Amino acid sequence: MVGEIGRNDYSFAFQQGKTFEEAKTLVPEVIDIIKNAVKLKSFYMFRRVVNLGATQVIVPGVFPLGCFPSYLKDFKSNDESAYDEHYCLKEFNDFIAFHNKYLQQTIITLQEEYPRTTIVYADYYDAFKWLLYNAWQLGFDATSTLEGCCGNSGPSRTSASSVDGCGCSNIPQQGFAEQI
């Protein structure tokens, strides 16, 4: 399995104030890194997985970042049209959908290049959204699905930065520890 690659690259770009169009210029490079990772055993050892005989490779896409509490806080908008019906930021999710589609097309190319190896796409994006949209059926409080347990707490929980996390003095500790 090749790890989820790209999320940190895009997060850094957005935190630096890059626009969606500017971030889209990064997608081919990020996908190329993923493509090379499929061919490599690890970034550190630089051995080719496929050429070493791997017969099955899983390549995950990126989660819908527009639903992450840190994004909802850091990129909060007063424009209600910026959000979808589940209060996720549409532009971020559209951007990630673009990345994931590009990745899927690359996987098809890789599969053609290595016909004896099964290379499949793991759809983290739709799996995450399904869990989010069906949280109440799974026993979760559907009203708090976009809130973090502490730090990175979503749009209205704290004024702390998303770089602050659990255990920081300015972060209210919420969630599991309070419930014990």
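Just so it is clear, the structure is predicted and the values come from calculations on it, not from any experiment.
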Colleague: Report whether Met1 and Tyr125 are members of the same hydrophobic cluster (ILVMFWY, side-chain heavy atoms less than 4.5 Å apart, transitive linking).
Modeller: yes

Colleague: For the CG atom of Leu103 and the CD1 atom of Ile107, what is their distance to the nearest 0.5 Å?
Modeller: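 Interatomic distance, Leu103 CG to Ile107 CD1, rounded to 0.5 Å: 4.0 Å.
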
Colleague: Do the side chains of Val27 and Phe12 join up, straight or via other hydrophobic residues, at under 4.5 Å, putting them in one cluster?
Modeller: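 Not linked; separate clusters.
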
Colleague: Nearest 0.5 Å please: distance from the CD1 atom of Ile96 over to the CZ atom of Phe128.
Modeller: 12.0 Å

Colleague: Is it true that a side-chain atom of Asp32 and a backbone atom of Pro28 form a donor plus acceptor pair closer than 3.5 Å?
Modeller: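 The answer is no, because no donor-acceptor pair under 3.5 Å joins these two groups.
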
Colleague: Glu22 and Gly17: which non-hydrogen atoms are nearest, and at how many Å?
Modeller: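 Taking Glu22 first and Gly17 second, the nearest heavy atoms are OE1-O, 4.3 Å.
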
Colleague: Evaluate the criterion ring pair (Phe, Tyr, Trp, His ring centres under 6.0 Å) for residue pair Tyr71 and Tyr10; output intermediate values, then yes/no.
Modeller: CA-CA 12 Å; Tyr71 275 73; Tyr10 302 137; over 10 Å; no

Colleague: Where do Gly61 and Glu4 come nearest, in terms of heavy atoms and distance?
Modeller: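 Heavy atoms of Gly61 and Glu4 come nearest at O-CG, 3.5 Å.
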
Colleague: Spell out, yes or no, whether Phe140 and Trp136 are grouped together once hydrophobic residues are joined by side-chain heavy atoms under 4.5 Å, including indirect joins.
Modeller: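 In one cluster with Phe140: Trp136, no.
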
Colleague: Can you find a heavy atom in the side chain of Cys88 that is under 4.5 Å from one in the side chain of Leu132?
Modeller: yes

Colleague: Assess whether side chain to side chain contact (heavy atoms under 4.5 Å, CB included) is satisfied between Ile108 and Thr106, documenting all intermediate values.
Modeller: CA-CA 5 Å; Ile108 291 168; Thr106 300; over 6 Å; no

Colleague: Could you check whether atom CD of Gln16 has more than 12 heavy atoms from other residues, nucleotides or ligands sitting under 6.0 Å from it?
Modeller: yes

Colleague: Are side-chain N/O atoms of Ser77 and Asp79 paired as donor and acceptor at under 3.5 Å?
Modeller: no

Colleague: Can you name the nearest heavy-atom pair linking Cys67 to Leu146, along with the distance?
Modeller: O-CD2, 3.2 Å

Colleague: Mind checking the CG-CG spacing from Leu131 to Asp126? Nearest 0.5 Å is all I need.
Modeller: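 Those atoms lie 11.0 Å apart.
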
Colleague: Side chains of Tyr102 and Ile31, heavy atoms from C-beta outward: is any pair under 4.5 Å?
Modeller: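 Of all side-chain heavy-atom pairs linking Ile31 with Tyr102, at least one is under 4.5 Å.
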
Colleague: Let's go through Phe68 and Phe63 carefully: what are the C-alpha distance in whole Å and the side-chain angles of both, what is the deciding distance for side chain to side chain contact (heavy atoms under 4.5 Å, CB included) to 0.1 Å, and is it a yes or a no?
Modeller: CA-CA 9 Å; Phe68 279 24; Phe63 292 102; 3.5 Å; yes

Colleague: Can you tell me if Gln111 has over 12 outside heavy atoms packed within less than 6.0 Å of its CD?
Modeller: yes

Colleague: Can you establish whether the number of heavy atoms outside Lys90 located under 6.0 Å from its atom NZ is more than 12?
Modeller: yes

Colleague: Would you mind reporting whether Gln56 and Thr117 have side-chain heavy atoms less than 4.5 Å apart?
Modeller: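 In short, these two side chains do not touch, never coming nearer than 4.5 Å.
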
Colleague: Any non-hydrogen side-chain atom of Val2 less than 4.5 Å from a side-chain atom of Val57?
Modeller: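 Sidechains of Val57 and Val2: in contact.
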
Colleague: Tell me, with the steps shown, if Tyr83 and Tyr87 meet ring pair (Phe, Tyr, Trp, His ring centres under 6.0 Å).
Modeller: CA-CA 5 Å; Tyr83 299 91; Tyr87 203 67; 4.1 Å; yes

Colleague: Where do Ile34 and His99 land on the side chain to side chain contact (heavy atoms under 4.5 Å, CB included) test, with the steps shown first?
Modeller: CA-CA 11 Å; Ile34 296 168; His99 162 93; 4.0 Å; yes

Colleague: Any chance you could measure Lys76, atom NZ, to Asp74, atom CG, to the nearest 0.5 Å?
Modeller: 11.5 Å

Colleague: More than 12 non-hydrogen atoms from neighbouring residues, nucleotides or ligands closer than 6.0 Å to NZ on Lys18, yes or no?
Modeller: no

Colleague: Rounded to the nearest 0.5 Å, what's the gap from CG on Leu65 to CZ on Arg7? Could you check?
Modeller: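 Taking CG in Leu65 and CZ in Arg7, the distance rounds to 7.0 Å.
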
Colleague: Do Val38 and Val59 make a side-chain contact, defined as non-hydrogen atoms from C-beta onward lying under 4.5 Å apart?
Modeller: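 Yes; the side chains approach each other to less than 4.5 Å.
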
Colleague: Grouping I, L, V, M, F, W and Y whenever their side-chain heavy atoms are under 4.5 Å apart, do Ile5 and Ile58 come out in a common cluster?
Modeller: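 Same cluster.
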
Colleague: Tell me whether the NZ or CZ atom of Lys24 lies within the 45° cone about the ring axis of Phe95 and under 6.0 Å from its centre.
Modeller: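 The answer is no, since Lys24 fails at least one limit relative to Phe95.
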
Colleague: Give the C-alpha distance, both sets of side-chain angles, the deciding distance and a yes or no for side chain to side chain contact (heavy atoms under 4.5 Å, CB included) between Gln105 and Asn100.
Modeller: CA-CA 9 Å; Gln105 293 168 341; Asn100 287 340; over 6 Å; no

Colleague: Just how far is it from atom CZ of Phe92 to atom OG of Ser11, taken to the nearest 0.5 Å?
Modeller: 9.0 Å

Colleague: Do you know which two heavy atoms are closest between Asn93 and Gly66, and how far apart they sit?
Modeller: OD1-N, 2.7 Å

Colleague: Taking atom OH of Tyr133 as the centre, report whether more than 12 heavy atoms of other residues, nucleotides or ligands fall under 6.0 Å from it.
Modeller: yes

Colleague: Could you tell me how the ring of Phe14 sits relative to the ring of Phe20: parallel (under 30°), tilted (30 to 60°) or perpendicular (over 60°)?
Modeller: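 Geometry flag for Phe20 against Phe14: tilted rings.
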
